[in-house]
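This report concerns only the one structure given below.
For ligands, and for the atoms within them, numbers begin at 1 and follow the listed sequence. Everything numeric here is computed off the predicted structure, so don't read it as measured data.
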Amino acid sequence: MKIAVVHGPNLRLLGRREPHVDGSTTLDEINSALAALAQELGVEIDFFQSNHEGEILDHLEQLPGQCHGILINPAGLTHTSVSLRDALAGIGVPTVEVHLSNPASREDFRHISFVAPVAVGTVAGFGKNSYLFGLQGLVAHLKTQAE
Ligand code: DQA
């Protein structure tokens, strides 16, 4: 089983930007923790980050047939991108949305997610662990679907 991890805009700044909101964990640390968990779960994993919406859409477009599930932190695109929502709906690869922070407890403009309605589920508010819980949930979901 193969999982594609997609990190949205500005997430390479993790560890340096607004640590009171996002914590001090870096993107490399998140990816290492995900890789270790993937090994435990017996799944393959690969990582993609871009600050460019179009690059993310191009990447998503070529994922069907390449992976079984997507773990995505769409970052700011969560709240703005109809195109991202359409791409995820269009490719039809089961997707779990994750956020380090809990957008529902932040500014009003973060209360809308265009991604949530086309995701299997969302994990938010647990810092780095949101990604780890999200990966566990996605793999459990895919295994149940495969039975
Ligand atoms: C975020 C939450 C978004 O609202 C924000 O724009 C981000 C990070 C999170 O992981 O908490 O860039 O997706």
Would the distance check show the side chain of His79 and the main-chain N or O of Ser113 forming a donor-acceptor pair, the cut-off being under 3.5 Å?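 Such a contact is absent between His79 side chain and Ser113 backbone.
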Would a distance-only check, ignoring hydrogens and angles, find a side-chain to backbone donor-acceptor pair under 3.5 Å from Ser50 to Glu55?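 Checking the backbone N and O of Glu55 against the side chain of Ser50, no donor-acceptor pair under 3.5 Å is found.
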Provide the full list of salt bridge (Lys or Arg N to Asp or Glu O under 4.0 Å) pairs with a residue in residues 37-52, sequence neighbours left out, each pair given once.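 Of all non-adjacent pairs touching residues 37-52, none passes salt bridge (Lys or Arg N to Asp or Glu O under 4.0 Å).
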For a distance cut-off of 3.5 Å, show me each N or O of ligand 1 paired with any protein N or O, plus the separation.
unit_1, atom_1, unit_2, atom_2, d
ligand 1, 4 (O), His79, NE2, 2.7
ligand 1, 4 (O), Arg110, NH1, 2.9
ligand 1, 6 (O), Gly76, N, 3.3
ligand 1, 6 (O), Arg110, NH1, 3.0
ligand 1, 10 (O), Asn73, ND2, 2.8
ligand 1, 10 (O), Leu100, N, 2.8
ligand 1, 11 (O), Leu100, N, 3.3
ligand 1, 11 (O), Ser101, N, 2.8
ligand 1, 11 (O), Ser101, OG, 2.6
ligand 1, 12 (O), Arg17, NH2, 3.0
ligand 1, 13 (O), Asn73, OD1, 2.8
ligand 1, 13 (O), His99, ND1, 2.8

Looking only at non-hydrogen atoms, find the nearest pair between Gln49 and Leu27 and report the distance.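 Heavy atoms of Gln49 and Leu27 come nearest at CG-CD2, 4.0 Å.
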Which atom pair, heavy atoms only, marks the closest approach of Ile70 to Leu88?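 Heavy atoms only, the tightest pair is CD1-CD2, 4.4 Å.
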What is the ring orientation for Phe126 with Phe133, classed by angle as parallel under 30°, tilted 30 to 60°, or perpendicular over 60°?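 Because their plane-to-plane angle is over 60°, the rings of Phe126 and Phe133 count as perpendicular.
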